[in-house]
Structure formats: structure tokens, C-alpha cells
Amino acid sequence: MKTKVMENRCKFWVPKKSRFCANSPLQNSLFCGNHTPRTNNQWIPCPIDPSHSVLQENLGSHLRRCPLVKQVQSLSTQPFYQKGVNAGKEDEQEEPETGIPTSGCFDIVTSEMKRNAVYSLNTSEFFEMIRKIESVHAQICNDIKDSYKIPEACGVWIKGEVERNVPFQEKHVAQQASMLGNLEEFGVLERIDGKEKCELVERAENSNGVPAVVEFGAGRGYLTQMLADCYGIRRVFLVERKAYKLKADRSLRQKESLILERLRIDIEDLNLNAVESLQGLPYIAIGKHLCGPATDLTLRCCLANERNAEQCGVNCYLRGLAIATCCHHLCQWKHYINKKYLTSLGISKEEFHAITWFTSWAVDADHGSDLSDVIDIKLHPESIEGEECNGDANGVEAIAKNMKAIERAKLGFMCKKIIDMGRLMWLKEHGLQTRLVKYVPSSISPENHLLIARHVGGR
């Protein structure tokens, strides 16, 4: 019997499991669909969803039944779908200020392109860039404080007294609790008379609508789950472009007083003012680890068109926000929210791309190590230059690979702070009270920047 079962298996050997693939082979083939040998001229990326490939000869039929087709067709009919509304615009007038090659007509500058651009610099240009980064950092990044806050409202979660039916890691509980604790300390959330209650609910009792929370890049919705359990919110919008299993939606929908709406859409294409069920309501925006440009897209989604919405009589406005930023190496000049501010500091588009590449150095070491002393490390580019690059044709690459891990981390963290401070300054320009804090220790997560803001008075 065992031999017969083995004969009906795919003949692809899986080295990690030391056995053949367990799937059944295709008809008249030794392999399953996943392991059938492919040639470059047979398989092409799906033009609708490039994340998967399709046989060229089957392209016509595949386009009619691609899983993404119905989603795209359905989304295009929604009033809140506006292609690229939050994408930002490329500033074509700016000229590069260093010898870094331009990215040409590419819409996305990949990490490989950024790395190659840095490696193409000569050593003097490279160290001049480091000096500029240190100078800008010293000028604008002096007010980022540690703010690890665990609010009393989240006590039952921290103690593990809440029944949860989904996988959950303690480090995520700590991060999410601190996000809410910082919102509470900043006056956006509040526990009133010892009861778990959202400040927005209290403020809206004299209005006709129930205030809302919009979670961007919601994923499975765990952050909203904690917020609903601990602060009694009543209306939730979860914005996420992907489909997920094991979502918190089932638990959230069991709350009788909570109204939940999930918007499966890319933040880049979301016109928040056109979400009918959100119109007429104040809201707070939250997002945990909004990767790279997703933070910039979210800020633009919440605020860039706010004045236009008010002029049109749409009373949907932002009360406050809390966004945990991450993956700065993915940031793009086109999407970045405050190009004007960085330009005023002497940072060009090409230098911005180099800065985003350096940010990966902050988190490429052991994430569990103590990085608290990184901020006190002083870079000495001249000594490194003399030791590593004398007569080396690949001077900058040699420097990058031979720098001490603590020095690489130092430069990476400086670059992260510069990017996030530009975002904070943009929020200030829009009349918000703002704060940038380290909301968890680096031992919990090296991606520990939290951007908080709120409207004050007259809103």
C-alpha cells in the first residue's frame, strides 16, 4: 500500500524534508503543477497580478478567470476608488547635487538600484554624504524621546486575561498597548469615570453620527481588536489591500455595539472623503508598521484633500493619528510626503534614495540585541577611509562591508529619524500638534518610531 501511495506522488525531491513532494502528479506527468519544469518562453507574469505566472498559451482563458479580475472590477465601481489619488508627484525640476546616478524613468527605485548608486560614488563623495547626514540629524532630530507606555485600560491584555482565538505574540501585545498608551497620554483616547470609553465617542454625543477609527494597513486587525476591547470604540474601518486568514473580524463582529467595515483597497487609491459611511464623522487614524511609503500614502490620504472636502461640505475630518513607521528602505521620492522640507535641508532626490538604503543597516543585525548605546557612537569616516580604501578600486563597497556593525546601525538609525522628522514637520504644517517617540525598547523591536498627532481647538 505504501509503495502504491509513493507511485502517486510528485517525483520532485524536497531536500529540506528529505522526501518527495506529497502532491499528486498531473496527468501524463511525473510532477505536480507546482513542480512541472518551466522554460522562460512558456511562462509569463500575469498582466493583472504579476505575483503569479501563467502559461503563455493559456493567457487568454486565464485573464477571464484570474482571481484578481472580479476584485478589480468590483473596486473600480466604488466611489472611494480613485487611482493614484495619494501617490504624490515626482518633482522633475530638481537636479542631483552629488555624483549619484539618476534613476531614469523608473517609477520605483529598488534597493539594488540604490545600493549600486551608492557604490558608484568615489570615497570623497561618500564621506561628504555621511557628514551631511550627521549635520542634518544634529539639526533636526533632538526631540525624540523614549515613551514606552502601558495604559491601565490594556491591563487585561497584558496579563493574558482576554480570551483570544487567534495566534498572538507577546511582543505585538506590548507594541500595540504602548501605541494606545501614547494616544491616551496625548489626549486622543481617554478613560472616563473609570470606564473604558473612547474620547471620540464622548465628543460626538451631541452630533448625529458615531465617530470612527480607521486602521490603515490593518492586516488581520489585531490592533483594532485591542482598541475595541480596551476603549469601547463603536465604528471601525479596516483598510488593507490583501486578503488574510485568521482575521480578528469574526471576534469584532460579535460585539453588538460595534460597526465594522473592511475596505480591501491599496491606500494609494483610497479617497477617504468618498467613503459614504464615514462622511459626517470625526475619526482617528492608526497603523502599526506601515511599511515604507505606506506611511506617506496614509498621511496624504488623511490630510492632503481635507480642505477640499470641507469646501465641498463633507464634514469628515481627522481628530488624531498614531502611526508606527517601519521599512524605511522601501521609501520612494515620489511618494514621500515632505520633499520640500528635505530639499530645504540640502537633500536631493538621489541623496534621499541613498538615505533610505542606509536605513536597512539599522535592523540588519540581531534584533534582540540591546541597541540603546547606538546613539552615543561617533562615526569617524576619515579614519575608516584611510584604513579601508587605500588603493582599492571598489572603495565605497569595501567601506560599507568593513564598517563595524555598531557604526552601520548608528548611520541607519540617523537616516530613519531624518525621514520620520520630515513627516512630523509636514503634519505640523497642517496645523496638528505632533510628537515622534520611541514607543517600545529596541529589544522588543528596532522598528520603534511612533508618529502621533492630533487636531487641537476649533475642530
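Judged purely by atom type and a 3.5 angstrom limit, R300 uses its side chain to pair as donor or acceptor with the backbone of N86. With hydrogens and angles ignored, the 3.5 Å screen pairs a side-chain donor or acceptor of E240 with a backbone N or O of K242. A donor-acceptor pair under 3.5 Å is absent between the side-chain atoms of S178 and the main chain of A174, judged by distance alone. The closest donor-acceptor contact from the side chain of S348 to the backbone of E351 lies under 3.5 Å. In terms of modelled atom types and a separation under 3.5 Å, the side chain of T359 and the main chain of H329 share a donor-acceptor contact. No side-chain donor-acceptor contact under 3.5 Å links N271 to the backbone of V85. Judged by distance alone, the side chain of N182 and the main-chain N or O of S147 form a donor-acceptor pair under 3.5 Å. Although no hydrogens or angles enter the test, the distance criterion places no donor-acceptor pair under 3.5 Å between the side chain of S135 and the main chain of R131. Using modelled atom types, one side-chain atom of R264 and one backbone atom of R241 make a donor-acceptor pair closer than 3.5 Å.
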Problem set entry | Residue pair W357, Y119: steps toward the ring pair (Phe, Tyr, Trp, His ring centres under 6.0 Å) verdict | CA-CA 11 Å; W357 184 67; Y119 286 172; 5.7 Å; yes

Problem set entry | Derivation and outcome, ring pair (Phe, Tyr, Trp, His ring centres under 6.0 Å), residues Y336 and W333 | CA-CA 5 Å; Y336 188 66; W333 182 255; 7.0 Å; no

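We find the CZ-CG distance between R423 and L451 to be 8.0 Å, quoted to the nearest 0.5 Å. Taking OG1 of T298 as the reference point, atom CD1 of I286 lies at 11.5 Å (rounded to 0.5 Å). Taking SG of C302 as the reference point, atom CZ of R319 lies at 14.5 Å (rounded to 0.5 Å). A distance of 10.5 Å separates CD in Q225 from CG in L238, rounded to the nearest 0.5 Å.
A donor and an acceptor atom, one from each side chain of Y341 and E429, are nowhere located under 3.5 Å apart. Judged by distance alone, the side chains of T356 and K114 do bring a donor and an acceptor atom under 3.5 Å apart.
No salt bridge links D420 with K417; every basic N to acidic carboxylate O contact stays at or beyond 4.0 Å.
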